[in-house]
Amino acid sequence: MSHIYAVVLTYNRKDLLKRCLEAVSTQTRPCDGIIVIDNASSDGSEQMVLDLALPHLELYVLSQNVGASGGFNAGFRIAYQRGADFIWMMDDDVIPSPDALQRLVEADELLAARDIKRSFLLSGAYTQDGLVNNSPALDQRRNRIDYECWPATVELGVMPVSRATFVSILVPRVTLTEHGVPISSMFIWGEDTEFTLRVTRDAPGYLVGASKVLHLRQEGGGAINIRTEKSPARIRYHRHFVRNELFITRRYASRRRLLKILAYRLWGIGKLLFAGEFYKARVILAGLLEALAFAPRVEPADAPLETLRVQVRQAVQPGFELTAPAPAEDLQPVSSLLQPEMMVRSI
């Protein structure tokens, strides 16, 4: 049977994290391991996780916030290097239905039985009011008689997709072996888009209709828009958003599309200046200028964690120790990949 590791990325949302972990740990298809990546939280998340004392759970605390991109990068690598056959990735605001993982696994088995190659399996994300969010992009590649292929798997309850997010995504080991992990230097907003576009160039991912999750904190959030943004911290993040948007478009879309986005961003700067929003205009301009030289390298899944340039500490509850599943014989144990001065034990 395949070994599946769930990986949950968290930052200063311990109440949401607790709900997420309780849902992940009670799946009808149990996870073989649960890994929490704490992006340097300061709200007591570490102690809360330790107090839960869930079986087969490992907590890794980063010494500083490396953004969603760095956190997802670390999570994929740790699970991969622990020997996972599949990695079930999500943020801390995702609450899976009890059978969410089981339905993903069943869909993978159905596709495998038909010899249909897939890059990942994806759950449907809904708000508490039942509204769809984080919708993926339908894969529109064509067959040899020039018709779109997506209806071919509808009877299986799955749809081929390309661009997607990390809201309950099940990624096979082979995908990470062939295509690497998310780009850590993107920091926030776009790392999931880039990763899924990259891995689906060879084969699509599949949205699984029967696998559902609640995605909290989405109601009323809407699309990312600096003109309506009020949070100073999030306003600063728009530099990354603009830079990443241009980088992704340059790599995966047409030149015409790139020019349209560039023109839209310049027009946006003009509107902000006219409205007296000078700081916001500077943030967008900074992102545009940074995009000119932004060409990050994709890291392989077996790269040592030291390349993140951040200390990674595995936290344990005093006096509480369980033996985690051993990594495959041909893989380097995670303990040898962490900072040498850190004591590493398994929760």
Side-chain angles (χ1 to χ4, degrees), residues 3-68 70-79 81-84 87-102 123 128 166-168 213-218 305 308 310-327 333-335 337-339 341-347:
H3 276 74
I4 300 178
Y5 274 66
V7 179
V8 180
L9 176 63
T10 190
Y11 177 65
N12 281 340
R13 299 196 294 198
K14 66 178 182 180
D15 293 335
L16 287 176
L17 175 61
K18 184 174 185 292
R19 290 185 62 185
C20 175
L21 291 177
E22 288 172 344
V24 168
S25 65
T26 55
Q27 290 291 298
T28 55
R29 194 295 186 189
C31 299
D32 299 284
I34 303 172
I35 292 173
V36 176
I37 305 295
D38 184 347
N39 222 337
S41 295
S42 58
D43 67 343
S45 291
E46 177 178 340
Q47 190 59 51
M48 184 279 294
V49 173
L50 296 179
D51 289 343
L52 284 177
L54 294 175
H56 309 301
L57 187 146
E58 303 173 45
L59 171 62
Y60 295 86
V61 182
L62 308 187
S63 60
Q64 65 186 57
N65 184 356
V66 291
F72 286 129
N73 178 297
F76 272 119
R77 280 202 267 174
I78 289 173
Q81 293 166 24
R82 295 291 285 146
I87 298 168
W88 188 26
M89 180 66 70
M90 69 194 75
D91 252 319
D92 54 11
D93 58 359
V94 175
I95 314 298
S97 298
D99 62 348
L101 178 58
Q102 178 184 337
S123 300
Q128 287 172 293
F166 292 156
V167 177
S168 184
V213 300
L214 282 179
H215 191 197
L216 303 178
R217 300 175 61 87
Q218 286 293 306
L305 289 177
L308 275 176
V310 63
Q311 290 184 336
V312 182
R313 171 173 58 88
Q314 187 174 6
V316 299
Q317 189 176 29
F320 184 75
E321 184 170 2
L322 292 175
T323 302
V334 170
S335 59
L337 303 172
L338 304 182
Q339 294 295 329
E341 68 274 16
M342 296 291 181
M343 175 176 283
V344 180
R345 299 165 61 198
S346 296
I347 297 177

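Keep in mind that what you see is a predicted model, and the values were worked out from it rather than measured.
Contact annotation: the side chain of P98 never approaches that of T26 to less than 4.5 Å [non-hydrogen atoms, C-beta and beyond]. Side-chain contact between D91 and V8 is absent, with no heavy atoms from C-beta onward closer than 4.5 Å. A 4.5 Å side-chain heavy-atom check between W88 and L101 finds at least one atom pair inside the cut-off.
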Intermediate values then yes/no, side chain to side chain contact (heavy atoms under 4.5 Å, CB included), I37 and T10: CA-CA 6 Å; I37 305 295; T10 190; over 6 Å; no

H215 and M90: CA distance, side-chain angles, deciding distance, side chain to side chain contact (heavy atoms under 4.5 Å, CB included) verdict: CA-CA 10 Å; H215 191 197; M90 69 194 75; over 6 Å; no

Residue pair L308, R77: steps toward the side chain to side chain contact (heavy atoms under 4.5 Å, CB included) verdict: CA-CA 11 Å; L308 275 176; R77 280 202 267 174; 3.3 Å; yes

Stepwise side chain to side chain contact (heavy atoms under 4.5 Å, CB included) test for L59 and Q314: CA-CA 6 Å; L59 171 62; Q314 187 174 6; 6.0 Å; no

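S41 contributes atom OG, which lies 8.0 Å from atom CG of L17 (distance to the nearest 0.5 angstrom). Taken to the nearest 0.5 Å, the NZ atom of K14 stands 16.0 Å off from the CZ atom of R19. Going from atom NZ of K18 over to atom CG of L54 covers 9.0 Å, rounded to the nearest 0.5 Å. In this structure, CD1 in I34 is found 9.0 Å from CD in Q27, a value given to the nearest 0.5 Å. Residue L214 holds its CG atom at 11.0 Å from SG of C20, rounded to the nearest 0.5 Å. Interatomic distance, CG of L16 versus CG of D93, reported as 6.0 Å (0.5 Å rounding).
Minimum interatomic distance between P96 and V213 (heavy atoms only, all atoms of both residues): CA-CG1, 3.6 Å. Here the shortest heavy-atom pairing between V24 and C31 reads CG1-SG, 4.0 Å. Taking all atoms of both residues into account, the shortest heavy-atom contact from A68 to N39 is N-ND2, 4.2 Å. Across all their heavy atoms, I87 and F76 have their closest contact at CD1-O, 3.6 Å. The minimum heavy-atom distance linking G71 with L9 is given by the pair CA-CD1, 3.6 Å. Taking all atoms of both residues into account, the shortest heavy-atom contact from V66 to L62 is CG2-CD1, 3.5 Å.
Using modelled atom types and a 3.5 Å distance limit, the side chains of D99 and S97 yield no donor-acceptor pair. Looking at D32 and H56, their side chains never bring a donor and an acceptor atom within 3.5 Å of each other.
A salt bridge links E58 with R82: the closest approach of a Lys/Arg side-chain nitrogen to an acidic carboxylate oxygen falls below 4.0 angstrom. Salt bridge present: D92 and R13 bring a charged side-chain N and a carboxylate O closer than 4.0 Å.
With sequence neighbours left out, F72 forms a ring pair (Phe, Tyr, Trp, His ring centres under 6.0 Å) with F166.
For N65 (side chain) and A40 (main-chain N/O), no donor-acceptor pair under 3.5 Å exists by modelled atom type.
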